[in-house]
Amino acid sequence: MSSQIAGAKEDHCPNPLRCVGDRPGLDVSIVVITGSAGLVGSEAAVLFASLGMDVVGIDNDMRGVIFGGEASTSWNKARLQSALGARYRHFDLDIRDRAGIQTLFKRHGRAVELVIHAAAQPSHDWAAREPFTDFDINAVGTLNLLEATRLHAPDATFVFTSTNKVYGDLPNELPLTELDTRWEIESGHPYDEGITEDMPIDRSLHSLFGASKVAADVLVQEYGRYFGMATACFRGGTLTGPSHSATELHGFLAYVMRCTMTSTRYTVFGYRGKQVRDAIHSHDLVNAFHEFFASPRVGEVYNIGGGRMSNVSVLEAIAIAEQIAGEELARTYVDENRVGDHKWWISSNARFQAHYPGWSLTYDVPRILQEIYEENRDRWTAAIPQGRPPGNRRRTTGAH
Ligand SMILES: NC(=O)c1ccc[n+]([C@@H]2O[C@H](COP(=O)([O-])OP(=O)(O)OC[C@H]3O[C@@H](n4cnc5c(N)ncnc54)[C@H](O)[C@@H]3O)[C@@H](O)[C@H]2O)c1
């Protein structure tokens, strides 16, 4: 047989040469999800499987390669396989493998109705260490998926998880005031309710990661505008939820909670810990994808995040996590901020909500942290090495 997908190991299907879309007489609808074992990809897999779609998941656990074993997403892949059964088929495929991606899409063809592209190299620091790998994954990998979709499933809706880092460090030029626990934008500023898509994406410091995501973002727009495909870039703020494989360089809220629960020292980098992030639960995010899929548009761009309802500074997040866990978080403060780090970011969801008035946020930060705590308690505390002293029980509560 010639149609092996080069480099891909399929974990689930007994016959990797047979695809759901090829089954005669079956009217199946397929969603291809890249980064399917990650935070966003796994949440999307659960949602679309529950809606009756067959899920083709692509993830090669690159997160474990980038950040080391503690960040591996293999546990989440196993969880999906067990929860979704035959509805979920996993391909251990690298999105840089152009021939493999083409073969996968060719095999499933027009049965693919939706592509959710959530695989990425997500770290600024790592991008500087391996610029070619970062660009090959984030930019060229995205092009591989767009072109495969155009050639084999041109009517599919293509959803891309872009990032607010496409705006570089421009948000740091906004008029910000230092308050007790956070930076805040000047009252009455046009971005008071959140930053809108009219902020320029060039003439600022991006990091190589930001630059590779800009390339991908513009490509996704172009496949909409130039080829007329239903594409959308969702420029996320902080994406979060209990399925995040938390690690120091990625997964802010889950990592704060994990450190608090496991007595791991947490380092705060610069801005006196008052940098503000808006946090959107992956559940709310994938519901936005669903809205877009139900009524797609061409070449769209949306800022998307927790907005004014769900945002927090590092100091505030620590206080809430400590209160939930009943532990004090041991922390170190380093005066130097991460290069280009946003001092204040709150997304405006107004454009998306104008197009999709049925969508709204359901989670705020305390609820997100509570859920991260409850759903990971057994897994994270089981990983604490034997003999390690228990955490610092809090003597006070109500710090938030
Ligand atoms: N988490 C955030 O705060 C945040 C914020 C803004 C944008 N985003 C974007 O959202 C998307 C999803 O983020 P997430 O938090 O779910 O990330 P994640 O790291 O949890 O998931 C991404 C998955 O992609 C896989 N992957 C990486 N490179 C791959 C490759 N070459 N081939 C196949 N699989 C590969 C990883 O193994 C991982 O399981 C990414 O594009 C990210 O840039 C994330």
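Heavy atoms only: backbone and side chains are in, while hydrogens, waters and symmetry mates are out. Here the structure is a predicted model, which is why all the values come from computation and not from measurement. Order of appearance sets the numbers: ligands from 1, and atoms from 1 within every ligand.
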I'd like the contact residues of ligand 1, where contact means a heavy atom below 4.0 Å. Gly35, Ala37, Gly38, Leu39, Val40, Asp59, Asn60, Asp61, Met62, Arg63, Thr73, Leu93, Asp94, Ile95, Ala118, Ala119, Ala120, Ile137, Thr161, Ser162, Thr163, Lys213, Gly236, Gly237, Thr238, Leu239, His244, His250

Indicate, with yes or no, if the rings of Phe209 and Trp126 have centres closer together than 6.0 Å. no

Any donor-acceptor pair under 3.5 Å linking the side chain of Lys213 with the backbone of Thr161? yes

Ignoring hydrogens and geometry, is there a side-chain-to-backbone donor-acceptor pair from Thr34 to Ile58 under 3.5 Å? no

Val218-Phe160 co-clustered via ILVMFWY side chain contacts under 4.5 Å: no

Taking the basic N atoms (NZ, or NE/NH1/NH2) and the acidic carboxylate oxygens, is any pair closer than 4.0 Å for Lys274 and Glu316? no

Residue pair Ser310, Asp364: steps toward the side-chain hydrogen bond (donor to acceptor under 3.5 Å, both in side chains) verdict: CA-CA 4 Å; Ser310 177; Asp364 62 10; over 6 Å; no

